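The next block holds one structure in the form of structure tokens; read it before the comments.
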Protein chains: 2
Amino acid sequence: MPRSSDKRERLLRSADQLILQQGFKQTTLADIAKDSEVPLGNVYYYFKTKEAIGQSVIEDRLEHLRQLLHNCTAEATPKARLLAFLDYPISIRDSLAEHGCPLGTLAYELSRADSFLRDSSRALIEEVLNWSTQQFEQMDQPDAHALALQFVSQLQGMSLIANTLNDDQVITDMVEQTRHWLNTL
Amino acid sequence: MPRSSDKRERLLRSADQLILQQGFKQTTLADIAKDSEVPLGNVYYYFKTKEAIGQSVIEDRLEHLRQLLHNCTAEATPKARLLAFLDYPISIRDSLAEHGCPLGTLAYELSRADSFLRDSSRALIEEVLNWSTQQFEQMDQPDAHALALQFVSQLQGMSLIANTLNDDQVITDMVEQTRHWLNTL
DNA sequence: GTCTATATGTTGATAGAC
DNA sequence: GTCTATCAACATATAGAC
């Protein structure tokens, strides 16, 4: 009796991890099949194309991001919410230094890809930008959009540099500076 | 009589442009050969491998960067030098929005590549960081390294966001904010 | 639903004539 | 030095038995 197995989820988990480590283009279906212990030919029962896997990975990351932002929104003040968000890069600083930001690496790679994945990955960055803008607006900042741009730029820039230098101290230092910056507003 | 033709330089120029537009992995030797109007098989007379082309492109970008930093260093004060450097992202903001930063895209892509190109591209980011640190030191800033990290993060982050959103206004806005930040130091 | 075998296309790289 | 033809490896995707 055909039942929904866990293979689809295993494939997605492997794909998510491998794409973080190697990038989308560099990650082959054979890599994903091997890591998730699903035969190569069977992958196509769960995903029509490689792009479909990428699409699902992006959707998963978007869902995870929304959950994170939702949790941060539980804080009492908008400033506390932004500060709470900064706990996340600290908690995954090892991964950020080793593989880069799971949003930024995807967005940067796929921004020049000729695929609908470009628009999907763009939504990841927009989600953070929009949420941040809301927080700055609620702080009665006249130029909330510009501040949100600065906030997210700091985070994306530090991830790129930390990854390039393979140094998680960059994360620690930059988050501390961003915290200080927020507290001066 | 065999003379050194301009084919090598044509190849490098095409490679540089295509790698900026598409990334290193995505750019094929056939792409480069076609764009530079050099037959595919002839490419290997000038470059032993594809990696060798990448290496030369990185070296060219490093040389170009050093020249830019050298020009900025002509300014009278360290603050003026940092402000002068900010003129460059403004001058190429269209390209930054369309293709991303020629240093950051390369460093981010190759940081996870299993190749000596990883170290070469890392040097691009280190060059900017070291120069920036020097300027902040000469401004008698106690934590010049942290400020340089913040400075370069802003620039790399804005390029990633501008490219993702395909919006050069991000460059204009963020550079303006960074100028203001420098003037408050 | 599952899996082996394989088709089909692309890419980095080489052989060898000129 | 130059260029055509082609190899060998790899990648996405499909066919078809079970």
Side-chain angles (χ1 to χ4, degrees), chain A residues 1-58 106 109-110 112-118 120-121, chain B residues 1-58 106 109-110 112-118 120-121:
Chain A
M1 213 78 70
R3 267 196 323 100
S4 174
S5 76
D6 65 338
K7 285 186 179 171
R8 191 192 146 92
E9 202 185 321
R10 288 218 312 277
L11 283 167
L12 270 182
R13 258 203 277 269
S14 291
D16 182 68
Q17 184 182 338
L18 287 166
I19 289 171
L20 179 64
Q21 293 170 354
Q22 309 178 333
F24 178 73
K25 170 84 180 179
Q26 183 74 24
T27 298
T28 68
L29 292 172
D31 288 338
I32 298 170
K34 184 183 178 186
D35 188 75
S36 57
E37 293 176 293
V38 172
L40 180 57
N42 199 358
V43 172
Y44 288 91
Y45 177 76
Y46 297 97
F47 298 96
K48 194 179 165 71
T49 63
K50 185 188 176 185
E51 276 191 326
I53 297 183
Q55 175 70 21
S56 288
V57 166
I58 293 175
L106 253 189
E109 177 181 0
L110 298 178
R112 71 264 302 276
D114 183 18
S115 158
F116 62 92
L117 295 178
R118 195 186 65 249
S120 302
S121 62
Chain B
M1 214 74 70
R3 267 196 325 99
S4 171
S5 76
D6 65 340
K7 285 188 180 172
R8 191 191 146 91
E9 201 186 322
R10 287 217 316 274
L11 283 166
L12 270 182
R13 258 204 276 271
S14 291
D16 184 69
Q17 184 182 338
L18 287 167
I19 289 172
L20 179 64
Q21 293 170 352
Q22 308 178 335
F24 177 72
K25 171 84 179 177
Q26 185 71 25
T27 299
T28 69
L29 292 171
D31 288 338
I32 298 170
K34 184 181 177 188
D35 187 76
S36 57
E37 292 176 291
V38 172
L40 180 56
N42 200 358
V43 171
Y44 288 91
Y45 177 78
Y46 297 97
F47 297 96
K48 191 179 167 71
T49 63
K50 186 188 175 185
E51 276 191 326
I53 297 182
Q55 176 70 18
S56 287
V57 167
I58 292 174
L106 211 45
E109 177 182 359
L110 297 178
R112 70 262 305 274
D114 184 18
S115 158
F116 61 91
L117 295 178
R118 195 188 64 250
S120 302
S121 62

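Here is the naming used below: chain letters follow the sequence lines, and residue numbers restart at 1 for every chain. Please read these numbers as outputs of a predicted model, since none were measured by experiment. Just so you know, these numbers use all the heavy atoms, side chains as well, and skip hydrogens, waters and symmetry mates.
The distance from atom CG of B:Asp6 to atom C1' of D:dT2 is 14 Å, rounded to the nearest whole Å. As a whole-Å value, the separation of A:Tyr45 OH from C:dT2 C1' is 9 Å. C:dG1 atom C1' lies 14 Å from atom CZ of A:Arg10, rounded to whole Å. D:dA11 atom C1' lies 13 Å from atom CD1 of A:Ile53, rounded to whole Å.
Taking CG of B:Asp31 as the start and CD of B:Gln21 as the end, the distance is 10.0 Å to the nearest 0.5 Å.
Taking 4.5 Å as the limit, some side-chain heavy atom of B:Leu18 sits within range of a side-chain heavy atom of B:Ile32. Counting only heavy atoms from C-beta outward, the side chains of A:Phe47 and A:Gln55 never approach each other to under 4.5 Å.
Note that the two end axes of the helix from C:dG1-D:dC18 to C:dC18-D:dG1 enclose an angle of 10°, each drawn from 5 base pairs, rounded to 10 degrees.
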Residues B:Lys50, B:Phe24; criterion side chain to side chain contact (heavy atoms under 4.5 Å, CB included); working and verdict = CA-CA 9 Å; B:Lys50 186 188 175 185; B:Phe24 177 72; 3.9 Å; yes
task = Give the C-alpha distance, both sets of side-chain angles, the deciding distance and a yes or no for side chain to side chain contact (heavy atoms under 4.5 Å, CB included) between A:Leu29 and A:Ile53.
result = CA-CA 9 Å; A:Leu29 292 172; A:Ile53 297 183; 3.6 Å; yes
query = Which letter, B, S or -, goes with each nucleotide of nucleotides 10-16 of chain C from 5' to 3', with contact meaning a protein heavy atom under 4.0 Å?
reply = -SSBB--
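Between the A:Gln26 side chain and the B:Ala113 main chain, no donor and acceptor come within less than 3.5 Å of each other. Between the side chain of B:Asp16 and the backbone N or O of B:Arg13 there is no donor-acceptor pair closer than 3.5 Å.
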Pairs under 3.5 angstrom only: tabulate donor-acceptor contacts from the side chains of residues 37-44 of chain A to other protein residues two or more places apart or in another chain.
none

